[in-house]
Amino acid sequence: QVQLVESGGGLVQAGGSLRLSCAASGGTFSTYKMGWFRQAPGKEREFVAYVSWSGGSTYYADSVKGRFTISRDNAKNTVYLQMNSLKPEDTAVYYCAAGQKGPLTPDGYHYWGQGTQVTVSS
């Protein structure tokens with residue numbers, strides 16, 4: 001069983017930056033593919049970014065490509081999401097997820113964090 005705990009969310013003005021972290025425990029972190037998803041009020045959960053177990057492969061949603069960067073530190077059992085040039089439409093609860101399949105849909109992940117709120121003001 002893997003436990004995931006996100007941190008780093010908050011309120012930021014448009015154009016600003018935040019770095020989300022997701023700390024994993026209870027499993028072999030380096031064997032899991034990791035993803036970030038987000039869910040805005042009244043909307044379905046959507047894919048944001050993916051990183052392979054080694055960190056060698058990454059995918060991004062078109063809406064965040066060029067602004068967000070996913071990375072992982074297997075020695076620290078942590079995955080990160082660096083978010084730059086934030087827009088009001090990035091406002092959502094952000095979730096990290098771990099799984100053996102990935103990469104783009106929620107059903108590719110077995111474990112989920114509790115989420116962290118990101119609010120971008122205009």
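Heavy-atom basis, side chains included; hydrogens, waters and symmetry copies ignored.
Residues Leu20 and Met83 share a closest heavy-atom pair of CG-CE, 3.7 Å. For Ser21 against Thr78, the heavy-atom pair with the smallest separation is CB-CG2, 4.3 Å. In this structure, Ser85 and Ser17 approach most closely via the heavy-atom pair N-OG, 4.3 Å. Among all heavy-atom pairs drawn from Tyr94 and Val48, the shortest one is CE2-CG2, 4.3 Å. Scanning all heavy atoms of the two residues, the minimum distance from Tyr60 to Ile70 falls at OH-N, 2.9 Å. The two residues Ala40 and Ala92 have their closest heavy-atom pair at N-CB, 3.8 Å.
In this structure, OG1 on Thr116 lies 7.5 Å from CH2 on Trp36, to the nearest 0.5 angstrom. Rounded to the nearest 0.5 angstrom, Ser52 OG and Arg72 CZ are separated by 7.0 Å. Atoms CZ and CG, from Phe68 and Leu81 in turn, are 6.0 Å apart once rounded to the nearest 0.5 Å. The CD atom of Glu6 sits 12.0 Å away from the CD atom of Gln117 when rounded to the nearest 0.5 Å. Rounded to the nearest 0.5 Å, atoms CG (Asp73) and OH (Tyr80) are 5.0 Å apart. Interatomic distance, Thr31 OG1 to Lys33 NZ, rounded to the nearest 0.5 Å: 11.0 Å.
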Candidate pair Asp90 and Lys87, rule salt bridge (charged side-chain N to carboxylate O under 4.0 Å, His left out), full reasoning | CA-CA 5 Å; Asp90 294 319; Lys87 304 175 181 180; over 6 Å; no
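Side-chain contact check for Arg38 versus Ser63: some heavy-atom pair is nearer than 4.5 Å. Residues Glu46 and Glu44 fail the side-chain proximity criterion, which asks for heavy atoms closer than 4.5 Å. Side chains of Trp112 and Leu4 form no contact here, defined as non-hydrogen atoms less than 4.5 Å apart. Taking 4.5 Å as the limit, some side-chain heavy atom of Phe29 sits within range of a side-chain heavy atom of Met34. Side-chain contact check for Val79 versus Val51: some heavy-atom pair is nearer than 4.5 Å.
Atom NZ of Lys43 has 12 or fewer neighbouring heavy atoms from other residues, nucleotides or ligands inside a 6.0 Å radius.
Aromatic pair Phe37/Tyr109: centroids less than 6.0 angstrom apart.
Checked options Leu18, Val118, Thr91, Thr119; the residue passing with Leu11 is Thr119 (criterion: side chain to side chain contact (heavy atoms under 4.5 Å, CB included)).
Trp53 pairs by the ring pair (Phe, Tyr, Trp, His ring centres under 6.0 Å) definition with nothing, not counting sequence neighbours. Looking at residues two or more places apart in sequence or on another chain, you find no side-chain hydrogen bond (donor to acceptor under 3.5 Å, both in side chains) involving Glu89. Partners of Thr105 according to the side-chain hydrogen bond (donor to acceptor under 3.5 Å, both in side chains) rule, which considers only residues two or more places apart in sequence or in another chain, are Asp107.
Judged by distance alone, with hydrogens and angles left aside, the side-chain atoms of Ser54 form a donor-acceptor pair with the main-chain N or O of Gly56 at under 3.5 Å.
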